[in-house]
Asks: 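My structure is below; once you've seen it, I'll send some questions.
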Amino acid sequence: MTMELDTTEVAAKTPDHEQPWAELGLKEHEYDRIRDILGRRPTNAELAMYSVMWSEHCSYKSSKVHLRRFGEQAPHSDALLVGMGENAGVVDVGHGYAVTFKIESHNHPSYVEPYQGAATGVGGIVRDILAMGARPIAVMDPLRFGPMDAPDTKRVLPGVVAGIGGYGNCLGLPNIGGEVVFDPSYAANPLVNALCVGVLRHEDIHLANASGVGNKIVLFGARTGGDGIGGASILASESFDDTKPSKRPSVQVGDPFMEKVLIECCLELFSARVVEGIQDLGAAGISCATSELASNGDGGMHVDLEKVLLRDPSLTPGEILMSESQERMMGVVAPENLDAFLAITAKWDVETAVIGEVTDTGRLVIDWHGETIVDVDPRTVAHDGPVYERPYERPAWQDDLQAASPSSLPRPAGGAQLRETLLQLAAAPNLASKSWVTDQYDRYVLGNTVLAQPENAGVVRIDDQTGLGVAVATDGNGRYTKLDPYAGAQLALAEAYRNVATSGARPVAVTDCLNFGSPEDPGVMWQFAEAVRGLADGCQTLGTPVTGGNVSLYNQTGDVAILPTPVVGVLGVLDDVARRTPLGFRETGHAIYLLGTTREEFGGSEWAHVVHGHLGGLPPAVDLDAERQLGEILIAAARDGLIDAAHDLSDGGLAQALVESTLRYGVGARVAVPGGIDPFVFLFSESQGRALVAVSPDTDERFVRLCAERGYPNQRIGVVGGAALSVDDLFDVDLDELRRAHESTFPAAFDA
Amino acid sequence: MRIGVVTFPGSLDDHDAARAVRVAGGDPVVLWHADADVRGVDAVVLPGGFSYGDYLRAGAIAGMAPVMSAVVDAARGGMPVLGICNGFQVLCEAHLLPGAMLRNEHLRFVCRDQRLRVENAATSWTSAYGQGQEIVVPLKNIDGCYVADERTLDELEAEGRVAFRYVGENPNGSLRDIAGITNARGNVVGLMPHPEHAVDALTGPTTDGLGFFTSVLEGMAHA
Amino acid sequence: MARVVVDVMLKPEILDPQGKAVHGALTRLGFDGVASVRQGKRFEIELDGEATPEAVAEVERAASTLLSNPVIEDFVVRVEAGV
Amino acid sequence: MARVVVDVMLKPEILDPQGKAVHGALTRLGFDGVASVRQGKRFEIELDGEATPEAVAEVERAASTLLSNPVIEDFVVRVEAGV
Ligand SMILES: Nc1ncnc2c1ncn2[C@@H]1O[C@H](COP(=O)(O)OP(=O)(O)O)[C@@H](O)[C@H]1O
Ligand SMILES: [Mg+2]
């Protein structure tokens with residue numbers, strides 16, 4: 001038996017009907033505002049719609065006031081074709097090509113169901129890129145987990161990695177990079193961020209909006225089921241029908257095969273020019289897609305909700321609106337193109353339903369079997385949600401934390417101890433080889449991957465003829481950010497920028513995923529505000545605008561928040577990918593140069609973390625002008641063929657960079673500690689703005705001149721060759737022993 | 001020389017296979033899973049990927065696609081057919097090659113640069129190699145563990161139909177380190193590793209895979 | 001020796017891409033009359049000893065923690081007769 | 001509407017890495033007393049009509065051609081009672 005349908009008419013007549021707004025996550029004043037906007041109580045369907053669209057996740061209500069900085073402070077860039085605010089930003093890369101890229105989080109679902117949570121995270125970000133009219137060409141996956149030896153990590157990490165691989169591999173998108181970082185703060189809050197890069201021609205950019213009165217609204221792809229509507233089943237008061245599943249799941253299962261077909265189908269629809277725009281369905285499903293399409297277009301839309309193809313016929317209208325079933329897209333199609341549109345979806349066996357059309361009423365009206373259950377101004381749903389100026393305050397403990405400098409920690413002294421420290425760090429979870437993870441990802445598919453893990457940045461070719469390509473790197477250091485959120489965000493930016501430049505590409509744009517604890521904690525809110533300020537200022541200095549990103553809040557267990565973790569992705573352009581710089585030493589006799597200045601900087605360092613379990617002091621100093629200069633040298637040197645290999649210095653300092661550069665091709669190196677510097681500081685400090693470079697004798701002079709012209713500090717510290725990593729007068733480590741240390745950690749932990 | 005590359009829904013390496021054909025000097029021809037014929041091509045490549053999501057069993061649903069009847073007929077008539085990875089699985093499911101593929105022994109997807117030995121350099125797709133030559137090409141799969149009963153395996157060995165063997169650590173548990181096999185006539189070859197990803201030094205670990213495509217073109221030129 | 005069988009199926013409201021693909025293939029191959037297909041996992045667990053209530057309870061525990069994820073899957077444990 | 005279940009298991013002589021992994025995990029969780037584990041697939045096929053002998057024969061045919069690969073797998077078809 002079904003209760004009377006809650007139509008707008010019923011709602012107008014029953015103002016006192018009790019509604020479960022609190023259970024749906026709304027605050028009382030938010031519910032009151034909805035009533036104000038509508039001039040009556042919302043229908044159940046409207047309530048469902050507002051509650052998801054006004055959630056933190058969809059409305060950015062706590063972060064919005066801060067994120068504005070990215071737009072307001074965006075450096076001028078001729079390359080930016082589409083800026084923040086769309087599904088993803090679009091950047092000109094030359095020769096008529098444009099690139100779009102974006103990073104998103106799927107943290108909580110990946111803890112509940114690691115495989116499916118991570119898989120659908122990849123699926124969602126790929127659809128964002130596709131909605132811009134671009135062909136997705138690569139993915140990346142920055143990950144954070146609890147301690148490697150925690151039993152739960154052994155459940156979560158293998159599942160997440162298998163899910164990312166399972167989905168991405170099946171879609172045929174090469175995985176070109178990412179991160180795997182461990183810290184106790186992520187134990188019950190793993191971070192699963194996913195980045196996708198897409199490519200398109202300038203003329204093919206599509207913005208998702210519903211304009212053109214009379215144009216059809218078409219829903220295509222997978223059928224709509226009860227996925228991810230956990231909360232909406234509270235609206236079961238709508239129905240007393242007890243045959244329907246009692247508890248709706250809040251986790252979705254993905255179908256990568258469907259998504260692969262959907263990609264090809266959408267690209268064919270775009271290229272046949274039979275679709276005006278396509279919007280992906282992600283969080284908040286049809287609620288989000290209809291209200292966003294309508295408010296970005298002419299403002300009106302009429303939908304007959306019963307036309308939505310269902311997988312589960314027991315779904316109520318409110319549940320259909322909120323369902324987060326994956327692999328669905330919504331298209332806006334001119335009536336004269338409808339037949340051609342349907343022919344293409346039929347060719348790909350993609351189920352399609354015309355569910356409505358664009359109107360000029362300025363209202364989003366949704367009917368259920370002829371009765372109106374939603375009648376709203378779509379802007380009030382999609383854009384004019386609540387905005388909070390949450391209180392923020394530098395936490396009381398921040399001073400103590402910064403005062404707890406690592407300077408008094410015992411340090412290794414002498415060759416034997418330094419050698420042991422180098423091996424200990426090379427084997428530490430955060431620095432050990434990630435190939436146990438990355439070997440589960442296809443990096444070859446599409447045949448354009450020029451660099452992937454374990455290189456500095458992922459590099460993919462876009463155009464066979466010219467060799468045009470892009471480089472992308474993601475970085476983020478939660479420990480640095482905890483010590484100083486403003487600097488931490490800039491350090492994440494600096495590292496990703498440096499990684500891209502080290503591979504020979506010119507950095508042009510930024511995307512970011514801001515993973516933090518609860519915004520209701522003023523200390524966390526301060527971390528967030530500072531990180532945004534740091535990143536916006538940093539992007540201004542480096543001339544790389546933020547083109548889009550994602551915020552993930554409430555990552556905390558009880559009162560304890562995760563390390564504040566802004567993950568920053570930088571995109572760079574290579575005019576010819578044949579000029580990219582790989583990181584491994586190859587040629588005996590090449591000189592090794594260290595660029596940049598090494599200071600005694602151990603706050604937040606990997607050494608303090610691994611050896612002493614210490615976090616305190618200040619993170620390494622940021623100097624973005626130096627980063628830019630270093631970048632210019634590395635890019636020019638790559639373009640002119642002056643260097644054979646390069647590796648940026650970051651976590652673990654010079655020692656770790658040497659480990660990775662020698663192990664890459666099994667070619668050793670011999671270095672000497674320059675006079676005037678403590679060997680421990682030389683090897684393990686994490687000073688910024690540094691890179692290691694291998695230079696052939698043929699180009700040595702020109703390279704040194706290049707550095708000198710730019711006045712950038714550079715030191716010849718050694719030479720490539722041999723079967724060991726040797727530090728003069730201190731120690732030798734055989735590469736076999738080094739490899740065992742570096743490569744055994746993950747298999748030992750996860751091949752139980 | 002026209003070499004068809006079949007696209008099933010879920011095929012992923014079809015463009016790369018076509019590119020490899022082109023690099024070797026052939027003309028790639030697009031074949032669609034729902035086609036009833038092979039458009040008069042001289043040879044066919046079944047590319048890698050996850051046809052139909054590889055749901056059920058890898059290659060099982062694709063093995064029954066309309067175009068496969070035409071491919072099976074052409075193969076029985078002597079046309080060179082190469083199945084790479086998912087294509088190899090399809091050839092087994094379509095009974096053009098014996099045996100079957102199971103989930104990798106360690107249950108994980110594996111992507112790595114794999115050393116192989118060419119054990120039979122007399123097939124349509126391997127004549128450019130020396131007998132026993134070792135090559136390195138990418139390997140990437142989750143259902144790559146080749147199995148067949150003992151009698152079949154003995155027969156394959158005795159007739160020289162083990163075309164490729166893994167060298168070094170066996171990456172997936174395949175019986176007798178088998179990486180690829182051929183039919184008795186030598187025109188139908190299937191293997192798990194991906195030669196099409198090793199035809200360009202910029203994007204592949206080597207260019208060792210090119211020989212597959214030059215072999216078949218060469219063979220046809222002299223036919 | 002006793003055999004305990006654990007069947008794990010996706011919950012009815014959860015998308016089952018494998019079942020969907022099998023259904024599609026059956027239809028294409030001309031097997032009509034099928035309304036839907038769901039694909040799940042079947043575990044056959046041979047016990048060293050008898051299927052005592054304690055042993056079965058242990059299997060139930062394994063089924064709910066290791067063999068299935070209750071967020072998306074349901075399971076059924078049964079002792080197979082006559083093995 | 002009737003439900004027919006098809007169980008597909010690897011042949012006994014074929015190695016079953018998934019079953020082995022489950023067995024290993026059970027042992028690590030402290031669950032002794034397991035001699036072996038095999039993992040297979042379970043298909044639940046809902047028919048449009050009744051499970052007539054003809055309909056079941058059709059399912060048998062599908063099981064032997066599509067749902068299982070006779071090189072490596074065995075199958076059992078049964079009509080589920082009371083659905
Ligand atoms: N989860 C992952 N997915 C893909 N690639 C990864 C992942 N984790 C690490 N990598 C790759 O491994 C290499 C080393 O990672 P990392 O030490 O974090 O690099 P860096 O210090 O240069 O940022 C990089 O090429 C990185 O892209
Ligand atoms: Mg780096």
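Note that this is a predicted model, so its numbers are computed, not measured. Labels below follow one simple rule: chain letters A, B, ... track the order of the sequence lines, proteins then strands, and each chain is numbered from 1.
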Asks: Taking the side chain as every heavy atom from C-beta outward, state whether B:D113 and A:Y444 have any atom pair closer than 4.5 Å.
Replies: yes
Asks: Given a strict heavy-atom distance threshold of 4.5 Å, which part of A:L171 is in contact with chain B: side chain, backbone, both, or neither?
Replies: backbone
Asks: Can A:D439 and B:R112 be counted as an ion pair, charged N to O under 4.0 angstrom?
Replies: no
Asks: For B:R19 and A:L446, which heavy atoms make the closest approach, and how far apart are they?
Replies: NH2-O, 2.9 Å
Asks: Will you find, in the side chains of B:Y55 and A:D255, an N or O donor that is under 3.5 Å from an N or O acceptor?
Replies: yes
Asks: Begin from the C-alpha positions of A:N448 and B:H15 and carry the test side-chain contact (heavy atoms from CB on, under 4.5 Å) through to its verdict.
Replies: CA-CA 11 Å; A:N448 287 314; B:H15 289 100; over 6 Å; no
Asks: Taking A:V445, A:V459, A:V261 one by one, which has the highest count of heavy-atom pairs under 4.5 Å against chain B?
Replies: A:V445
Asks: Can you tell me which of A:E264, A:M258, A:Q440 forms the most heavy-atom pairs within a distance under 4.5 Å of chain B?
Replies: A:Q440
Asks: With sequence neighbours excluded, tell me which residues meet salt bridge (Lys or Arg N to Asp or Glu O under 4.0 Å) with B:E93.
Replies: B:R57
Asks: For chain A, which residues of residues 191-201 of chain B have at least one non-hydrogen atom nearer than 4.5 Å to it?
Replies: B:H197, B:D200
Asks: Going by salt bridge (Lys or Arg N to Asp or Glu O under 4.0 Å), name the residues that satisfy it together with A:D575, two or more places apart in sequence or in a different chain.
Replies: A:R506
Asks: For the residue pair A:F257 and B:F50, what are the closest heavy atoms and their distance?
Replies: CD1-O, 4.3 Å
Asks: Is it the backbone or the side chain of A:V577 that comes under 4.5 Å from a heavy atom of chain B, or both, or neither?
Replies: both
Asks: Is there side-chain contact between A:Y441 and B:C111, with at least one heavy-atom pair below 4.5 Å?
Replies: no
Asks: Distance from B:L12 atom CG to A:D442 atom CG, nearest 0.5 Å?
Replies: 7.5 Å
Asks: Which heavy atom of A:C170 sits nearest to which heavy atom of B:G53, and what is that distance?
Replies: SG-CA, 4.3 Å
Asks: Where do B:T203 and A:R461 land on the side-chain contact (heavy atoms from CB on, under 4.5 Å) test, with the steps shown first?
Replies: CA-CA 9 Å; B:T203 53; A:R461 178 173 62 193; 3.8 Å; yes
Asks: Which members of residues 208-215 of chain B, sorted by number, sit under 4.5 angstrom from chain A on a heavy-atom basis?
Replies: none
Asks: From A:D576 CG over to B:L202 CG, what is the distance, rounded to the nearest 0.5 angstrom?
Replies: 8.0 Å
Asks: Let's go through B:R108 and A:F750 carefully: what are the C-alpha distance in whole Å and the side-chain angles of both, what is the deciding distance for side-chain contact (heavy atoms from CB on, under 4.5 Å) to 0.1 Å, and is it a yes or a no?
Replies: CA-CA 12 Å; B:R108 294 190 303 273; A:F750 299 111; over 6 Å; no
